[in-house]
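Here is the structure we will look at.
Numbered from 1 within each chain, the chains take letters A, B, ... in sequence-line order.
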Amino acid sequence: MIKSPFSFQETLKHILWEGFLAMESKLAKGYEPHDVERKRYQIWEEGGYFCANEFSQKPSYSIVIPPPNVTGVLHMGHALNNTLQDILARWKRMSGYEVLWMPGTDHAGIATQNVVEKQLASEGCDRHEVGRERFVERVWQWREDSGGQIIEQLKRLGASCDWQRERFTMDEGLSKAVREVFVRLYEDGLIYRANRLINWCPRCHTALSDLEVEHEDKKGHLWYLRYPVAGSERHLIVATTRPETMLGDTAVAVNPDDERYQDLIGQSVRLPFVDRVIPIVADSYVDMNFGTGVVKITPAHDFNDFELGKRHDLPQINIFDESGIINDQGGPYSGQERYEARANVVADLESLELLEKVENYQNAVGECYRCRTVIEPFLSLQWYVKVDSLAQPSIKAVQEGSTRIVPDQWQKTYFDWMFNLQDWCISRQIWWGHRIPAWYCEQCEGITVSREDPSACSHCGSSKISQDSDVLDTWFSSALWPFSTMGWPDKTETLAKFYPTSCLVTGFDILFFWVARMMMMGLKFMNDVPFQDVYIHALVRDAQGQKMSKSKGNVIDPLHVIDEYGADAFRFTLTSFAAMGRDIKLSIDRIAGYRNFCNKLWNASRFALMNLNDFDPDSVELERIELSDADRWVLTRLVDTIHRTKVALEEYKFNDAASTLYTFTWHSFCDWYIELIKDELYGGDPSAKQRVQSVLFVVLETLLRLLHPFMPFITEEIWQNLPGLRPSDTIMYAPYPDGRGIPVDTHAAERMDLVMDVIRAIRNVRGEMDVPPGKQIEAVIECKSDKSAAVLERGELAIRTLGKVSQLTIGQNLEKPSQAATQVTGDVEILLPLSGLVNVDEEIQRLKKEISKARKDVDFFKKKLSNEQFLANAPSEVLQKDQRKQAEAEKKLGILLASLEKMESLGL
RNA sequence: GCAGGUAUAGCUCAGCGGGAGAGCACUCGCCUCACACGCGAGGGGUCGCUGGUUCAAUCCCAGCUACCUGCACCA
């Protein structure tokens with residue numbers, strides 16, 4: 001026989017009841033996100049509800065998506081970022097704005113090229129064998145086949161982007177914008193070419209901007225090398241972390257004030273292996289206290305040495321090729337890879353007794369942010385953007401508030417960076433990207449920069465010209481995103497309607513990469529800021545607070561979360577934790593908590609639908625019916641929730657909005673209101689039933705609209721199943737609640753709070769005293785004022801039902817039962833006759849606990865109010881409030897003490 | 001080294017100068033006719049440390065300690 005936790009009768013009752021529910025309710029017993037999400041999203045998308053109309057008369061609200069990499073897959077950062085944008089977009093759309101949320105992806109030059117190069121490698125060839133043209137074709141093909149997966153994943157999240165406008169940074173239009181910007185900046189003298197040390201990735205074979213290099217402390221060594229002083233038996237000892245670069249040394253340097261080496265300044269040392277005599281120079285850059293106070297100088301392979309070399313007019317000897325292999329300047333080491341060369345140089349120095357010693361040493365090594373290869377400072381000719389004149393207006397715009405950075409602590413970071421800008425290296429030696437529109441003349445060596453591909457040199461007219469083989473940094477095109485996506489350089493209706501954008505939502509990690517550069521380009525080319533607000537959100541970390549990364553294996557895949565818990569629960573979790581200025585530590589059980597919240601909403605709605613079968617929403621006339629205190633209470637709380645939500649959203653306090661809605665939904669609506677109206681729904685009074693049906697409907701329908709930006713799927717699904725006709729095809733275009741038409745009655749709400757306090761007091765005694773939940777009890781409620789008595793008499797039914805009270809007496813100067821548990825709230829004394837329910841000792845214990853709490857209160861206020869300084873200085877409302885609280889506490893203590901005395905006398 | 005941030009219940013975090021809050025976890029009692037992804041009740045905190053301002057400080061100011069994140073790094 002199968003063991004069942006239920007008796008046969010109970011099981012049967014269950015089966016019958018479930019059957020009844022299935023017939024009565026249109027909704028399933030638990031919320032099942034899968035089908036709902038797929039179905040609803042499809043309807044929205046096919047209905048064109050995400051589309052923006054630039055010809056609309058409505059006020060505009062626009063957001064451009066931070067374009068994810070075309071190679072990317074959705075991670076937690078994207079999920080948070082796009083959830084917040086979607087909340088804003090849906091909120092504004094419902095609030096009557098014409099909303100454009102512009103989606104798209106960027107071409108991620110290096111990352112995408114790497115993907116396709118790996119493909120080629122697996123086929124046993126490389127891009128050079130394939131050739132530039134065919135390689136670029138392959139990349140396009142790759143994008144066609146497997147790029148942009150993230151777009152479909154954003155849809156799973158519920159993102160309401162205008163997909164018909166989806167853009168890609170390599171699109172024709174955006175490429176045209178890139179070209180226009182390059183040419184104009186060049187013509188304005190803001191783009192130039194220079195031969196400098198740059199960060200070079202020997203694996204990607206390209207230059208990187210300063211921002212694309214990530215520094216990480218690594219364990220290494222400090223080698224002390226002995227350089228023989230020319231024409232002497234002396235040696236100078238230099239310390240270095242990179243011994244192989246000695247092949248490119250063109251000097252050694254000491255501090256001019258260093259007494260140890262005064263006599264050597266101006267002399268030379270003989271460099272081993274390459275047999276070069278190099279000078280000993282004096283420069284204040286050298287720190288006398290570090291190492292030996294002597295530095296080897298390699299101008300072609302170190303940024304500091306490069307600067308020093310310029311001061312002393314030293315030659316720059318490049319010893320590497322573009323793969324980091326020693327070139328023919330490296331003498332015997334020519335052809336060796338840099339680390340191999342290092343090992344050999346060290347070994348050979350040692351055998352020549354030129355290695356003084358080796359120490360362990362930790363220092364920060366720059367790595368390529370795309371492939372983690374150690375970058376090489378490399379001397380090469382590159383294109384730069386001169387940022388000074390572009391940065392000035394961008395700084396001013398934020399200072400003057402044309403663009404607001406939220407939270408404002410990020411402003412400081414923005415300014416810090418803007419004030420210390422280096423020129424931006426924009427050329428990349430890869431093939432995938434916007435090719436630099438510059439042509440070099442074989443004849444006159446002039447450069448032709450042009451909007452249209454030229455056929456002749458603009459200087460000498462020669463047709464022997466060839467285009468620069470480099471492409472532009474991906475961030476160059478991303479910097480134009482807010483206007484290039486809207487059709488610039490053409491003057492479009494879209495730009496007129498939606499530029500500048502209303503808000504940019506992004507993570508702080510790309511504040512410099514992207515936000516600052518968009519500011520510069522927007523102001524330069526649109527003469528206006530690209531966005532009014534910039535909302536910087538947190539980073540999503542794992543439950544331990546660590547950055548999620550594949551190598552740590554602590555990534556939570558958003559799509560798995562959506563599969564398991566539903567998009568709405570996931571979104572609500574992210575939103576709840578999106579407090580300003582703090583990172584999000586995400587763990588699965590938190591998501592489960594919000595899954596439960598979805599289920600709660602679902603079941604409250606099921607309850608409502610079951611009880612609204614015979615209800616016609618058109619009959620609702622809240623103004624004309626006599627509402628109960630409970631009705632007025634829930635409606636007042638609802639309006640309060642509406643206002644709080646609005647304020648929170650306006651201030652980008654997403655977590656506040658979420659918690660306000662959570663608390664109202666669960667604790668006000670479900671825990672109290674639904675419980676309060678059951679008597680009237682199931683009772684025999686048709687007018688009472690219709691009244692609570694009206695309020696139930698209004699509250700639920702309003703709540704769904706309030707919640708929709710946060711939980712789009714479940715709210716639409718329920719909303720569509722409400723009785724009667726909806727004012728629009730989709731909740732997406734139903735007006736966002738503003739509280740109008742909903743009566744607010746704070747006095748009634750206060751009355752209801754008293755009733756609820758009494759119910760809580762009864763439940764407290766029951767719970768503390770282990771009275772079985774099903775057991776009906778007796779209660780005597782002694783009121784010290786007419787007002788309380790009247791309020792509680794009106795709440796009688798609620799007290800009976802929710803307190804499980806069968807015999808209830810409410811009034812003043814009542815006859816008190818001889819043995820009763822006592823509880824006090826406000827000026828109301830609640831007496832629960834023991835009559836065998838509770839034993840006296842337990843009640844004594846409980847009373848003692850209550851008394852100690854009350855006594856603490858009394859002492860607290862007594863002390864506070866006996867302080868003359870407080871009486872003299874505190875504002876009168878604070879004073880009055882505290883006096884009232886003291887009186888209340890004293891009254892409560894008195895009642896409890898009297899009750900205890902009585903109990904103890906009984907016990908004896 | 002410079003800058004910024006953070007320290008509040010076991011965990012994760014809200015918090016607006018006037019008696020410390022939530023969610024989760026925990027304890028007790030419940031399959032009560034929307035929901036056990038649930039209901040009711042309860043326990044739990046010297047608000048990092050030291051000073052200062054104030055009638056009043058978790059909140060404002062200064063210093064200290066610890067952790068986090070940027071940026072810059074002396075080879």
| message | Counting the atoms with a prime plus P, OP1 and OP2 as sugar-phosphate, which does A/V286 contact under 4.0 Å by heavy atoms, base, sugar-phosphate, or nothing? | response | base

| query | Taking the side chain of A/F512 as heavy atoms from C-beta outward, which of B/C35, B/C55, B/G70 is closest to it? | reply | B/G70

| B/A14 OP1/OP2 closer than 4.0 Å to side-chain N/O of A/Y662 | no

| message | Using whole Å, what does the distance between atom C1' of nucleotide B/C35 and atom CZ of A/F669 come to? | response | 13 Å

| request: Starting at CG of A/N721, measure out to CG of A/L612 and round the result to the nearest 0.5 Å. | output: 12.0 Å

| remark: Base-pair string, RNA chain B, Watson-Crick plus G-U, cut-off 3.5 Å on both distances, | for inter-strand, is (((((((..((((....[..)))).(((((.......))))).....(((((..]....))))))))))))....

| query | In whole angstrom, what separates A/F607's CZ from B/C33's C1'? | reply | 10 Å

| query | Can a side chain N or O of A/K296 be found less than 4.0 Å away from OP1 or OP2 on B/A75? | reply | no

| query | Taking the same atom, P, in B/C59 and in B/A7, what whole-Å distance lies between them? | reply | 12 Å

| note | Those residues at least two apart in sequence (or on a different chain) that pass side chain to side chain contact (heavy atoms under 4.5 Å, CB included) with A/S659 are none

| Between P of B/U32 and CG of A/L681, the distance in whole Å | 20 Å

| said: So A/A872, base contact, sugar-phosphate only, or nothing? Heavy-atom distance under 4.0 Å. | reply: nothing

| Do side-chain atoms of A/R226 reach the backbone of A/L236 as a donor and acceptor pair under 3.5 angstrom? | no

| field | Residue A/D770, side-chain heavy atoms: nucleotide from B/A75, B/G18, B/G29 that is nearest | value | B/G29

| request: State, yes or no, whether a side-chain contact exists between A/Y369 and A/L211 at a heavy-atom distance under 4.5 Å. | output: no

| Length of the line joining A/I405:CD1 and B/G4:C1', which is rounded to integer Å | 14 Å

| request: Go through the structure and list residues passing ring-ring contact (aromatic ring centres under 6.0 Å, His included) with A/H537, not counting sequence neighbours. | output: none

| said: Nearest whole Å is fine: how far is B/G21 C1' from A/N655 CG? | reply: 14 Å

| query | Using a cut-off of 4.0 Å on non-hydrogen atoms, how would the nucleic acid contact of A/I297 be classed: base, sugar-phosphate, or nothing? | reply | nothing

| said: Side chain of A/K804 only, heavy atoms from C-beta on: which candidate in B/U12, B/U32, B/U69 is closest? | reply: B/U32

| field | Atom-pair distance (NE2 on A/H221; C1' on B/A75), nearest Å | value | 16 Å

| request: Using side chain to side chain contact (heavy atoms under 4.5 Å, CB included) as the criterion, list what pairs up with A/N599, not counting sequence neighbours. | output: A/Y31, A/N603

| query | According to a strict under-4.0 Å criterion, is A/K678 in side-chain N/O contact with OP1 or OP2 of B/A34? | reply | yes

| said: Once side chain to side chain contact (heavy atoms under 4.5 Å, CB included) is applied, do any residues pair with A/H667, and if so which ones, sequence neighbours excluded? | reply: A/Y662, A/T663, A/D671

| said: I'd like to check the side chain to side chain contact (heavy atoms under 4.5 Å, CB included) partners of A/E680; sequence neighbours left out, ordered by chain and number. | reply: A/A688, A/R691, A/V692

| Parallel, tilted or perpendicular, as decided by the 30° and 60° cut-offs, for the rings of A/F597 and A/W666 | parallel

| request: Give a yes/no on whether any side-chain N or O of A/H301 is located under 4.0 angstrom from OP1 or OP2 of B/A75. | output: no

| request: Quick one, give me the B/S/- string for nucleotides 37-44 of chain B, reading 5' to 3', where B means a protein heavy atom under 4.0 Å from the base and S means that only happens at the primed atoms, P, OP1 or OP2. | output: BSSSSSS-

| message | Rounding to an integer number of angstrom, what distance separates B/C61 and B/A72 when you compare their P atoms? | response | 30 Å

| request: Would you kindly compare A/D416 and A/T663 by the position of their nearest RNA chain B nucleotide and give the one closer to the 5′ end? | output: A/D416

| message | Applying a 4.0 Å non-hydrogen cut-off, can you work out what A/F572 is touching in the nucleic acid: base, sugar-phosphate, or nothing? | response | nothing

| message | Run the ring-ring contact (aromatic ring centres under 6.0 Å, His included) test against A/F512 and tell me which residues pass, sequence neighbours left out. | response | A/W417

| query | Roughly how many Å is it from CG in A/D217 to P in B/U69, rounded to a whole number? | reply | 12 Å

| said: At 4.0 Å (heavy atoms only), tell me whether A/T240 reaches a base, stays on the sugar-phosphate, or touches nothing. | reply: sugar-phosphate

| query | Within this structure, what is the CZ-to-C1' distance between A/F513 and B/G70, rounded to whole angstrom? | reply | 12 Å

| task | Could you please name the option among B/U69, B/C30, B/C55 that lies closest to any side-chain atom of A/P773? | result | B/C30

| message | Categorize A/Y682 for me: base, sugar-phosphate, or nothing, with a 4.0 angstrom heavy-atom threshold over every strand shown. | response | sugar-phosphate

| task | Taking only the side-chain heavy atoms of A/H215 (C-beta and beyond), determine which of B/G18, B/G23, B/A72 contains the nearest atom. | result | B/A72

| query | How would you list all residue pairs meeting salt bridge (charged side-chain N to carboxylate O under 4.0 Å, His left out) that involve residues 863-887 of chain A, not counting sequence neighbours? | reply | A/K864-A/D882

